[in-house]
Amino acid sequence: MYGNLFVNTIKRLKRIDWILLSIPIIITILGIMTIYSATRPVIDTFQPKFYLRQTVWLVLSLIMLLVVISFDYNRILRFTYHIYAFGILLLLLTIVSGHTGMGAQRWISLGPISFQPSEIFRIILILVTARFLATKGSPLRFSNLSMFFLLYGLVPFFLLYLQPDLGTALVLLVIVTLQTIVRGVHRKVIIGGIIITLIVLPFLGNVLWHGLKGYQKNRLMAFIDPGVDPRGIGYQIEQSKITIGSGKIFGKGYLKGTQGPFRFLPEKHTDFIFSVFAEEWGFFGSIILLLLYMILIIRGLETAYYAKDLFGTLIATGISIMFLLYLTINIGMTMGLMPVVGIPLPFFSYGGTALLSNFISVGLLINIRMRRFELFY
């Protein structure tokens, strides 16, 4: 019995994609180093130990990753809708009694621990979308898609919008849409969807604009014209661009950056942590970091291609798209190419719930990649 257990364990270890596992760990370690550099006590002797908290979350995330890869991902199929209902309940609870911070009500507190349900919900939504699409014929018709987008697209979109977390809401809507396109949609549905979007978009945009908080409107104004108020609403974007530019080709060197620790740059360890990294490691270091992300995303898309079933393909596709969108939006945000929408840099920005969610995603990719070999056993 113990001999068979040992043999099975060795077989599973051989199937693990160590590149897919190691790259997120490397990125997270670089992130923890940058969090320490950005928040190290230069002005004040006391600073919250964000880097230590992120290290603890890394350990917890790796444990959860091991749990995720220990069972066949197809076992999730029967529980997907229950998990989705639980996720919606968490989003409702966040709106009713969530903790407010930085103008948004996005956190639920459990004693000393706070977590952000929207970060966990993005994985839930990818799973339930894959579950639904995998059980429907292709190409998908309007009758299937209308109810699907109502329940699994618009409902979570408006729940996230009410927090408010418009950035995450829009990203999740894009992920669901792209997963659906990958599955295959009838041509008439695509044409009809484009026409309906063009008709509804001006009205919807007006409703969303009037529903935005003051700071969200300021962010959009600062994106359109960063010079409109360089000491006010445009300050964050301008400082971010200055921080990135000051790194030049090879950077100032680790722990030699000034914009973060001297507090010239707001949100230096969360949404704008890439700026701190670029200041210290320069253009060359930034390219290396982006290459690590590209390898991770390409590996995810490759996993989708080689998955043993449609359910696995759609999960891996959704996760890969999620990483790509978060990376593109965050980097674009720090460079002033996109509006500030509160999207963190995966594995790199400070945030325990986001880190946990990202490693669960990687665990699913490894799980799907491991199980593709079961066709030959």
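Here, residue 1 is the first one in the sequence, and each next residue gets the next number. What you are looking at is a predicted structure, and each value in this text was computed from that prediction instead of being measured.
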Please list all pairs meeting ring pair (Phe, Tyr, Trp, His ring centres under 6.0 Å) that have one or both residues in residues 290-326, counting only residues at least two apart or in different chains. F323-F347
Qualifying salt bridge (charged side-chain N to carboxylate O under 4.0 Å, His left out) pairs, either residue in residues 121-133, two or more places apart: E119-R122
Count the heavy atoms belonging to other residues, nucleotides or ligands that lie under 6.0 Å from CE of M33, then report whether that count exceeds 12. yes
Is L162 reachable from L89 through a run of I, L, V, M, F, W or Y residues, each pair having side-chain heavy atoms under 4.5 Å apart? no
Hey, are the side chains of Y73 and D309 touching, using non-hydrogen atoms and a 4.5 Å cut-off? yes
Are I63 and I360 grouped together when hydrophobic residues (ILVMFWY) are joined by side-chain heavy atoms under 4.5 angstrom apart? no
Report the residues that fulfil salt bridge (Lys or Arg N to Asp or Glu O under 4.0 Å) with K252, sequence neighbours left out, ordered by chain and then residue number. E279
Please lay out, stage by stage, how M294 and L324 fare under the test side chain to side chain contact (heavy atoms under 4.5 Å, CB included). CA-CA 8 Å; M294 286 299 102; L324 179 61; 4.3 Å; yes
Would you say S70's side chain and V67's backbone share a donor-acceptor pair under 3.5 angstrom? yes
Residues T334, L345; criterion side chain to side chain contact (heavy atoms under 4.5 Å, CB included); working and verdict: CA-CA 10 Å; T334 59; L345 187 59; over 6 Å; no
Y254 atom OH, neighbour heavy-atom count above 12 within 6.0 Å: yes
Taking only residues two or more places apart in sequence or in another chain, which ones pass side-chain hydrogen bond (donor to acceptor under 3.5 Å, both in side chains) with T34? none
Parallel, tilted or perpendicular for Y81 and Y152, by the 30°/60° rule? parallel
Kindly say whether L301 contributes a backbone atom to a donor-acceptor pair with the side chain of S320 at under 3.5 angstrom? yes
Under the side-chain hydrogen bond (donor to acceptor under 3.5 Å, both in side chains) rule, collect the residues that match up with S349, sequence neighbours excluded. none
Specify whether Y350 and F50 have parallel, tilted or perpendicular ring planes, treating 30° as the upper limit for parallel and 60° as the lower limit for perpendicular. perpendicular
Give a yes or no on whether the backbone of V68 and the side-chain of N367 come within a donor-acceptor separation of less than 3.5 Å. yes
Distance, nearest 0.5 Å, that separates CD1 of I27 from CD1 of I32: 12.5 Å
Kindly say whether L77 contributes a backbone atom to a donor-acceptor pair with the side chain of T80 at under 3.5 angstrom? yes
T177: which residues meet the side chain to side chain contact (heavy atoms under 4.5 Å, CB included) condition with it, sequence neighbours left out? F149, I181
Can you find a heavy atom in the side chain of L160 that is under 4.5 Å from one in the side chain of L91? yes
Are the side chain of T28 and the backbone of P24 linked by a donor-acceptor contact shorter than 3.5 Å? yes
Heavy atoms from other residues, nucleotides or ligands near CZ of F283 exceed 12 (cutoff 6.0 Å): no
